[in-house]
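Written below as C-alpha cells is the structure these notes are about.
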Amino acid sequence: MRANDNWRLPSEDELEIAADWVDRLPELTPDDRQALEAWLAGGPGRAAAFGLMRDTQRDTALLDAAERVRAAPVANRTMRLGLIAAGVAMVAGLSAVVLVRPYLAGVEQPQEFATPLGQRAEHQLSDKSVVTLAADSGVSVRYSRGAREIALTKGDAVFDVTKDAKRPFRVQAGDTQVTAVGTTFEVELVSDAVQVRVFDGMVRVNRDGAERRVGKGEWLMLASNRAPVAGRLEADSYQAWRSDWLDADGLPLKYVIARLNRYTTQSVALHDPGLGELKVTGRFKLDRPTESLTMIAALLDMKAHPEGRRVYLTPRRAPAS
C-alpha cells in the first residue's frame, strides 16, 4: 500500500483552521507549536489539511485561489475548498505525514534526564552538546528552531555546549537563568542558592532583572536574601568536580551538607538551622560520605549521631549562655 492510499479529503473546517496555522508559521512561539502539534494529533484529516494548505502557500496560483475561496459566499466555499485540496493532493503525491513533518521537525519532544543518589551520568543532546549530571540531579531539555532550553530541576550539572549563535543555550535554575552560546559551565541548585562556575568561555546570568557576566575561571553564587558572592576557580576545578571532590574555602556548612546528601541514603541534618552558617574549609570526597562527615565534624568540633534515617551534626560543647 502506498503512503497516500489512506488519504482523505479534509473538511472545510479543517482546511480553514489549517490555513490560519500556516499563515502564522513564521511567528509561532514554542507554546504555539505545542498547540499546533496537539491540534494535528486530534484527527486524521488535520495533518492532511495542514500539508495541503502549506503546499498552497508555496504555489502562487493556488494561493490566489485560496484567497478567492476565503472571500467567496459561504455556500460556495465547501466545493471550492474541496477542489483546491484535491488539486494540491494530486500534485503533491505525498502522504499528509510527509507534508507536515518538515514544519514540525524544528520542535523536539522534551527530554527528562535524572541520576539517583551516588551516581553520575553523561548525556549527548541532538546538537552534540553534552550534559553531565552529578549525583541526585535532574534536567528537562527542550529544543526548538530558535532556542535550546534546559531546566535544572534539582542538583548539579555541567554543560559542554556546541556553539550555535542562532540558538542560545539557556539553563533555568529556580529564578536564575544562565545563557551561553558555546562554552563549558556548571549550574548548581544547592540549599537556598544557585551557583554558576565557568570552565571555558563566558555566560550571562540573569536574576531579578539584573544581568551579570561570568567568564572562564570564575564562579558566582546567588543566594536568597543576600548579596551575590563571586570568586576565582582553582586550576583543577573541573577535574575535581568530575572526580567527586568538593573544595570548600569558608563555605557555609549547609551547602556542604546539601552536596554530601547527594551521596548517602542516611542524610545529614542539623537540629539547629543556625549551624548551617558555620564556615567549612577543607577538601572532601563526596562519594565517601562517612569519611567526609567524620572530617567535617572534627573540623567544627561537632559530633555525628544517627537518628532513624538521618545523621545529625551537633556541637560537642553546649553554647555558652
Out of curiosity, Thr314 OG1 to Leu270 CG, how far, rounded to the nearest 0.5 Å? 9.5 Å

Verify, without hydrogens or angle tests, whether Asp272 (side chain) and Gly274 (backbone) share a donor-acceptor contact under 3.5 angstrom. yes

Euclidean distance, Asp287 CG relative to Arg262 CZ, rounded to 0.5 Å: 13.5 Å

Distance col, row Arg24:CZ vs Arg33:CZ, nearest 0.5 angstrom, shows 10.5 Å

Before accepting this row, confirm whether a basic side-chain N of the pair Arg213/Glu218 lies closer than 4.0 Å to the acidic partner's carboxylate O. no

Main-chain N/O of Thr162 paired with Ser129 side-chain donor or acceptor, under 3.5 Å: yes

Quick check: closest heavy atoms across Pro306 and Gln266, and the distance to 0.1 Å? CB-NE2, 3.7 Å

Can you tell me if Arg309 has over 12 outside heavy atoms packed within less than 6.0 Å of its CZ? no

State, yes or no, whether a side-chain contact exists between Trp219 and Glu186 at a heavy-atom distance under 4.5 Å. no

Hydrogens and angles aside, do Arg170 and Gln172 bring a side-chain donor and acceptor to less than 3.5 Å of each other? no

Which distance, rounded to the nearest 0.5 Å, do you find between the CG of Leu189 and the OG of Ser137? 9.0 Å

A side-chain contact here means heavy atoms from C-beta on lying under 4.5 Å apart; do Val268 and Leu313 qualify? yes

Can you tell me if NZ on Lys285 sees more than 12 non-hydrogen neighbours from other groups inside 6.0 Å? yes

Where is the tightest heavy-atom contact between Ala223 and Arg207, given as atom of each residue plus distance? N-NH1, 3.6 Å

Looking at Gly250 and Thr281, what are the two nearest heavy atoms and their distance? N-OG1, 2.9 Å

Any side-chain to backbone donor/acceptor pair from Arg167 onto Gly146? Under 3.5 Å, distance only. no

May I ask you to test the Asp127-Asp164 pair for a side-chain heavy-atom distance under 4.5 Å? no

Does Arg148 use its side chain to pair, donor to acceptor, with the backbone of Val181 at less than 3.5 Å? yes

Side chains of Val131 and Leu125: closer than 4.5 Å at any heavy-atom pair? yes

What I'd like to find out is whether the side chain of Leu233 reaches to under 4.5 Å of the side chain of Tyr238, using heavy atoms alone. no

Pairwise distance NZ(Lys254) to CD(Glu277) - rounded to 0.5 angstrom: 4.0 Å

Carefully, step by step, assess Val196 and Val171 under the rule side chain to side chain contact (heavy atoms under 4.5 Å, CB included). CA-CA 11 Å; Val196 178; Val171 178; over 6 Å; no

Taking the six-membered ring of Trp241 as reference, does the cationic atom of Arg259 (NZ for Lys, CZ for Arg) lie under 6.0 Å from its centre and within 45° of its axis? no

Angle class for the Trp21/Trp39 ring planes (parallel below 30°, perpendicular above 60°, tilted otherwise)? tilted

Under a 3.5 Å distance rule, please check whether Lys128 uses its side chain to pair with a backbone N or O of Ser126 as donor and acceptor. no

Would you say NZ of Lys279 has more than 12 non-hydrogen atoms from neighbouring residues, nucleotides or ligands within 6.0 angstrom? yes

Step through the shown structure and confirm whether more than 12 heavy atoms of other residues, nucleotides or ligands are within 6.0 Å of CZ on Arg310. no

Do Leu220 and Pro228 come close enough that some side-chain heavy atom pair is under 4.5 Å? yes

How about Asp175: does its CG atom have over 12 heavy atoms from other parts shown lying under 6.0 Å from it? yes

Check the pair Phe284 / Leu260 against side chain to side chain contact (heavy atoms under 4.5 Å, CB included), numbers first and verdict last. CA-CA 9 Å; Phe284 311 102; Leu260 200 61; 5.9 Å; no

Roughly how far, to the nearest 0.5 Å, is the CG atom of Asp136 from the OG1 atom of Thr115? 6.5 Å

Check whether Asp244 reaches the backbone of Leu286 with its side chain - one donor and one acceptor, N or O, closer than 3.5 Å. no

Angle class for the His123/Phe113 ring planes (parallel below 30°, perpendicular above 60°, tilted otherwise)? parallel

Examine distances only and state if a side-chain atom of Ser267 and a backbone atom of Asn261 form a donor-acceptor pair shorter than 3.5 Å. no

Only one of Asp160, Thr132, Val203 passes side-chain contact (heavy atoms from CB on, under 4.5 Å) with Thr184; say which it is. Asp160

Return yes when atom CD of Glu234 has more than 12 non-hydrogen atoms of other residues, nucleotides or ligands closer than 6.0 Å, and no otherwise. no

Could you tell me which non-hydrogen atom of Leu152 sits nearest to which non-hydrogen atom of Gly138, and how far apart they are? CD1-O, 3.5 Å

Over all atoms of both residues, closest heavy-atom pair of Val158 and Phe199: CG2-CE1, 3.9 Å

Can you name the nearest heavy-atom pair linking Val194 to Val187, along with the distance? CG1-CG1, 4.1 Å

Test Tyr255 against Asp192 for side chain to side chain contact (heavy atoms under 4.5 Å, CB included), laying out the working first. CA-CA 9 Å; Tyr255 297 144; Asp192 62 349; 2.9 Å; yes

